[in-house]
Amino acid sequence: MEQDLNPETKIYGFWEKENLFRADPASSKKSYSVLIPPPNLTGELHLGHAMQHSILDAVARFRRLSGFDVLLLPGVDHAGIQFEATFDKELKKDSLSKEKLGREEWLKSAWEFKEKIYKSVSASWRMMGLSADWSREVFTLDEGPRRAVFEQFKTYWEKGMIYKGPYIVQWCPKCKTAIEDVEVEYEEREEKLYYLKYGPLTLATVRPETKFGDTAMAVNPKDKRYREYVGKEFEIETLAGKRKMKVIADDVVDPKFGTGVIKVTPGHDFNDYEIGKRHNLPILQVINKSGRLTELAGKYAGMKLEEARQAMIPELRERGILVKEEDYVHNVAVCERCKSVVEPLISEEWFLKVSELADGAVKVIDDGKIKFLPKNYAKILKDWLLNIHDWCISRSLWWGHRIPVWYRVTEVQRANGTKSIEVKVSLDSPGAGWVQDEQVLDTWFSSGLWPLSTLGWPFDFAQGKPSSERASLDPELAKYFPWDFEISAPEIKYLWIARMIMIANYFTGEVPFKAMFFHGMLRDLQGRKFSKSLGNGIDPMYLIAKWGVDATRMALYTYSIPGRDGRVSREILDERGKNFRNFATKIRNIARFVLELKPDSAHLGGVHSHSAKATQGESATSEVLRSDSSEVADADNKWIKEELEKTIKKVTNHLEKVGLHLATEEIYEFIWHKFADVYIEKSKRRRENAQPVLEYVLKTCLILLHPFMPFLTEEIYQKFTKRKKSIMLEEWPSAED
RNA sequence: GGACGGUUAGCUCAGUUGGUAGAGCGUCUCGGUGACAUCGAGAAGGCCACAGGUUCAAAUCCUGUACCGUCCACCA
C-alpha cells in the first residue's frame with residue numbers, strides 16, 4: 001500500500017526523523033516513564049488496544065510537553081498458548097502440523113510468522129500516532145528478556161522455591177498443555193445429574209465417565225444416614241471390571257447434594273484429589289492428555305469424554321446401575337483461549353512457591369505505594385494475593401522460554417542397578433550429553449518481569465539498594481524504574497498486574513509502577529465482550545479511515561474512564577468519530593481565520609514579537625491588552641484570557657489524574673463554544689486589535705490539545721511563522737493563580 | 001455462596017469535595033452571513049431505578065429492595 005501521501009504518515013515520519021520520541025537517560029530533566037503493555041502476537045489490534053494506546057500516548061505527550069524526559073517503551077509479547085493456537089491454524093492451511101515439522105523446523109517458521117504479524121502490530125501503533133521510543137523496543141523472547149527470565153528462574157531455584165512433580169492441574173486437551181486457574185473460564189451448561197448405584201449406596205454425578213477412575217465413595221462424617229458404611233469396603237462395578245472401594249468420611253462432602261454420597265476420582269477432580277490426599281487413596285488416570293479415556297475404561301477406552309458418556313448410559317441403565325436422571329445446570333470449566341472443556345488431571349509440572357512473593361506484594365499494596373485507578377483495585381488484587389496458590393509455571397509448548405534445566409543420565413553401578421540423573425540449571429547447554437527440559441515457561445513468567453527486563457535488568461543492578469544509590473550502577477534502571485505509569489485491561493489483573501507487583505518487589509524491593517490505570521472494557525450493545533467467535537468486533541482501522549486518527553482517538557477518550565465499561569456499536573463510534581472530525585474541521589477553520597485571513601501585518605505592530613513571547617505567560621499578554629484602547633475590547637480580551645486560564649488549569653488537573661474524558665471535554669468546550677463562538681465572532685469587528693490575542697489563544701489551544709490530537713495540532717502549529725521546530729518541543733502552558 | 005460495579009434526556013454516556021441536572025448524536029424551528037453548512041442561532045426532551053434515612057440542601061452520603069453486569073469460590 002502506498003501511504004506516502006497521507007499527511008499523518010508524513011508528520012509521524014517527521015517526528016521520528018527529529019528523534020522526538022527518544023528518551024534521553026543523560027538528560028537532566030526529570031524522568032517520566034510509561035510502559036506499554038505488550039500486545040499478544042496473534043493478529044490485528046482491536047478497539048481495546050486502540051483505546052489503550054491513545055491513553056498511553058496522551059499521557060506521554062502531556063508529560064513531554066510538561067518538561068519531563070519521557071520514556072514510552074514499546075514491546076510485544078510472545079503469548080505462548082495463544083500464539084501456538086493461531087500459528088497451528090496457519091500451518092493447517094498448508095496441511096502442516098507440529099508433529100510433521102518437529103521442534104526445530106517448527107520454531108523456525110514460527111519466528112517467520114511472528115515477524116509477519118509483528119509488522120501489522122507495529123503499523124497500527126504508528127498509525128495511531130504512538131510516540132514510543134522505537135530504539136528500545138523489546139520482544140519477550142529477545143536476548144535481554146531471555147537472560148532476565150533465566151536470572152529469575154535461577155534465583156527461585158537456588159532459594160528452593162521451584163519444584164517439579166505430578167500434581168493435579170487444569171489441562172486443556174486442545175492446547176495440550178496445563179493451564180492456570182486464572183486461565184480457566186466457566187460456562188453455564190445444562191446437563192444431566194445421574195444417580196448411580198455404587199454397591200449398597202446411590203450417589204449423584206454429572207460425569208459418569210470418570211467412574212473408571214473412582215477409588216472411593218465419600219460421605220459427610222456428620223451424616224447419620226451413612227454412618228454405618230464408613231470404613232467399609234465394597235465391590236463396585238465400573239463397567240470395566242469390578243473394583244474394591246471404601247466408604248470414607250470427609251467434611252467437604254455436602255450432605256444436601258444429591259444423595260449425600262459422592263464418588264471420589266482423585267485423578268480428575270480437584271476436590272477429590274484433596275480428599276484422596278487426606279485419605280491416602282490411589283490415583284488412577286482414566287483421561288489422557290488428548291481428553292480421551294485410557295485403557296482403564298475397558299471397551300470405552302479411546303473415546304472422547306462426551307462420547308463415552310453417551311455410550312455408557314444405555315449399559316448403565318441395563319445393568320440397573322443408573323437409577324435416576326435429573327436436569328442439572330452447572331458451571332463447566334473451559335479454556336479461556338480455545339473454549340474447550342478443561343480436564344483436571346495429573347501431570348508432571350513445574351511449580352513456583354509464591355507465598356513469599358505474595359506477602360511482599362500485599363505489603364506494598366497496603367503501604368499505598370501504587371496508586372490504583374480506580375482505587376478499589378488495590379483491594380481486589382490484595383484479596384487475590386492473600387488466597388494465592390502455588391503457580392504452575394510450566395507449559396507443554398514450544399513457543400516460549402524453555403525451562404533452563406538440563407539433565408544428564410549417568411549409569412551408576414549400584415546394588416540395585418539404577419541410573420542417576422544429574423540436574424543443572426543453565427541458560428545454554430552445559431556440554432555434551434546434557435538434555436534440556438522439554439517444557440517452556442508460562443508466558444506470564446516472563447511478562448511478570450516486563451517492567452525489569454525491558455530496562456536491561458538484571459545486569460549492573462544492585463539488588464535491594466534504594467534508588468538514590470543506584471544511579472551510578474545503572475543509569476537507565478535508576479532513572480526509569482519504577483515506572484511512573486502503567487495501564488491494563490482489567491481482565492489480566494491477576495495474570496499480569498499482580499505478577500508484576502510480586503516479582504518486581506521480590507527482586508528490587510520496589511513497586512513496578514507508581515500508578516496503575518485500569519481502563520474499562522468496550523462491549524457491544526448487548527454488553528458482550530468483543531470476540532472473534534462472535535464476530536462483533538469493530539476494527540479501529542475502519543474508524544481511522546473514515547474519520548481520521550485524531551478524531552478516532554478523541555472518540556476513544558470519551559470511553560477512557562477508569563474501570564468503567566462502555567457499550568459501543570459501529571453506529572455509536574461513527575457518531576463520535578463524526579463529532580470529532582467536525583471538531584477537527586472547526587479547528588482548521590479557526591486556524592484559517594486566525595492565520596491565513598489575517599489583516600495586513602503592517603497594521604499589527606509588535607504582534608509577532610508578542611507571539612514569540614507568548615509561552616512565557618501572562619506578562620506578554622498583558623502588554624498587548626494594555627495597548628488596546630477600547631474598553632469593550634479590553635473586556636473581551638480579559639474574558640477570553642481568563643477563560644483560557646481556567647481551561648488550562650482544568651485540563652492540566654484532569655490530565656494529572658488521567659481523567660482524559662474530562663480533559664478533552666474542557667478543551668472542546670473552550671475552543672468551540674468560547675473561543676470560536678464568542679471571542680472570534682466578536683473580534684471580527686476589531687480584527688486588527690484582536691489579532692495578537694487570537695494567535696496567542698490558538699497556539700495555547702493547540703498545545704493543550706496536542707496530547708489528544710497530535711497530528712492536527714502539529715499540522716496547524718506549523719503554520720505559525722514564529723514557532724519551534726515541532727509542537728512537541730513546546731512548553732505546556734501554566735495557569736497562574 | 002462471597003466481593004465489586006452499574007441503573008441519569010430517544011441512543012451512548014459525563015457529572016471533582018452534597019447547593020436549582022450536562023455532552024455528543026438524534027429530533028424540531030430558523031439562517032447560505034467574508035473562518036467554518038463537516039456550520040451558526042434557538043427549542044423540545046430527565047420525579048437522576050425504587051423505598052427509607054442524614055442535612056437548611058442529595059443524582060451526589062447512609063440503609064434496604066429490584067434488575068443488569070463483572071470478578072472470585074473445591075458445589076461433585
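Just the heavy atoms: all of them, side chains too, but no hydrogens, waters or symmetry mates, feed the values below. Chain naming here is simple, since letters A, B, ... match the order of the sequence lines and numbering starts at 1 in each.
Spacing of C1' atoms, B/rG69 relative to B/rC56, comes out at 38 Å, to the nearest Å. B/rU16 sits 35 Å from B/rA35 when the C1' atoms are compared, rounded to a whole Å. Using P as the reference atom, B/rA9 and B/rG1 are 32 Å apart when rounded to the nearest Å. Rounded to whole Å, the C1' atom of B/rC68 lies 25 Å from the corresponding atom of B/rG26. The gap from the C1' atom of B/rC62 to that of B/rG18 amounts to 13 Å, rounded to the nearest Å. B/rC13 and B/rA76 have their C1' atoms separated by 44 Å, given to the nearest Å. The separation of B/rU63 from B/rA3, taken at their P atoms, amounts to 13 Å, rounded to a whole angstrom. With C1' as the reference atom, B/rU12 and B/rG46 are 16 Å apart, rounded to whole Å.
Here A/Y328 lies in heavy-atom contact (under 4.0 Å) with sugar-phosphate atoms only. Residue A/D254 is in base contact, counting any heavy-atom pair closer than 4.0 Å across all strands shown. In this structure, A/A676 reaches the bases: a heavy-atom distance under 4.0 Å links it to at least one base atom across the strands shown. Nucleic acid contact class of A/F580 (heavy atoms, under 4.0 Å, all strands): none. Contact annotation for A/G659: no contact, since no heavy-atom pair falls under 4.0 Å across all strands. Residue A/F583 is out of contact with every strand shown, counting any heavy-atom pair closer than 4.0 Å.
Side-chain contact check for A/V568 versus A/Y559: some heavy-atom pair is nearer than 4.5 Å. The shortest side-chain heavy-atom distance between A/Y557 and A/R576 does not fall under the 4.5 Å cut-off. Between A/V59 and A/F517, every side-chain heavy-atom pair lies at or beyond the 4.5 Å cut-off.
Nearest to the side chain of A/N582, among B/rC39, B/rC71, B/rA76, sits B/rC39. The nucleotide whose nearest atom lies closest to any side-chain atom of A/Y559 is, among B/rC13, B/rA3, B/rC74, B/rC13. Of the candidate nucleotides B/rC74, B/rU12, B/rC36, B/rU12 has the atom nearest to the side chain of A/R567. Taking the side chain of A/E575 as heavy atoms from C-beta on, and the options B/rC4, B/rC25, B/rA76, the nearest nucleotide is B/rC25. Here the side chain of A/D677 is nearest to one of B/rG5, B/rC11, B/rG40, namely B/rG40. Distances were taken from every side-chain heavy atom of A/K578 (C-beta onward) to each of B/rG26, B/rA76, B/rC36; the shortest belongs to B/rG26. Side-chain atoms of A/Y494 lie closest to B/rC71 of the nucleotides B/rU38, B/rG24, B/rC71.
Between the CD1 atom of A/I388 and the C1' atom of B/rC72 there is a distance of 13 Å, given to the nearest Å. One atom, CG of A/L543, and another, P of B/rU12, lie 18 Å apart when rounded to the nearest Å. Rounded to whole Å, the distance from CG on A/N589 to C1' on B/rG40 is 12 Å. The interatomic distance linking A/R581 (CZ) with B/rA37 (C1') rounds to 12 Å, in whole Å. B/rU38 atom P lies 15 Å from atom CZ of A/R588, rounded to whole Å. For the pair A/E326 CD and B/rA76 P, the computed distance is 14 Å after rounding to whole Å. Atom CG in A/N579 sits roughly 13 Å away from atom C1' in B/rC39 (whole-Å rounding). Rounded to an integer number of Å, the gap from CD1 of A/I667 to C1' of B/rG24 is 16 Å.
A/K304 is linked by a salt bridge (charged side-chain N to carboxylate O under 4.0 Å, His left out) to nothing, counting only residues two or more places apart in sequence or in another chain. Partners of A/E715 according to the salt bridge (charged side-chain N to carboxylate O under 4.0 Å, His left out) rule, which considers only residues two or more places apart in sequence or in another chain, are A/R588. With sequence neighbours left out, A/D550 forms a salt bridge (charged side-chain N to carboxylate O under 4.0 Å, His left out) with no residue at all. Residues forming a salt bridge (charged side-chain N to carboxylate O under 4.0 Å, His left out) with A/E571 (at least two apart in sequence, or on another chain): none.
Along RNA chain B, the nucleotide nearest to A/I590 and the one nearest to A/W672 differ in position, and the one closer to the 5' end is contacted by A/I590. Take the nearest nucleotide of RNA chain B for A/D269 and for A/R592: the residue whose nucleotide is more 5' is A/R592.
Taking the six-membered ring where tryptophan is involved, the planes of A/Y717 and A/F720 are tilted, since the angle between them lies from 30° to 60°. Between A/Y668 and A/F580, the ring planes are perpendicular. Angles over 60° get that label, and only those under 30° would be called parallel.
Using a 4.0 Å cut-off between charged nitrogen and carboxylate oxygen, A/K379 and A/D383 count as a salt-bridge pair. A salt bridge links A/R207 with A/E343; the closest basic N to acidic carboxylate O contact falls under 4.0 Å.
Contact of A/K684 with B/rA35 (side chain to base): a donor-acceptor pair of N or O atoms is detected under 3.5 Å. Counting atom types as modelled, A/E681 pairs a side-chain N or O with a base atom of B/rA35 as donor and acceptor under 3.5 Å.
Stems are defined here as 3 or more consecutive Watson-Crick or G-U wobble pairs with pairing distances under 3.5 Å; those involving RNA chain B are B:1-7 with B:66-72, B:10-13 with B:22-25, B:27-31 with B:39-43, B:49-53 with B:61-65.
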Please tabulate, one pair per line, each protein N/O and nucleotide N/O from nucleotides 14-17 of chain B that are separated by under 3.5 Å, including the distance.
unit_1	atom_1	unit_2	atom_2	d
B/rG15	OP1	A/H661	NE2	3.4

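Between A/K699 and A/R723, the shortest heavy-atom contact is NZ-CA, 4.5 Å.
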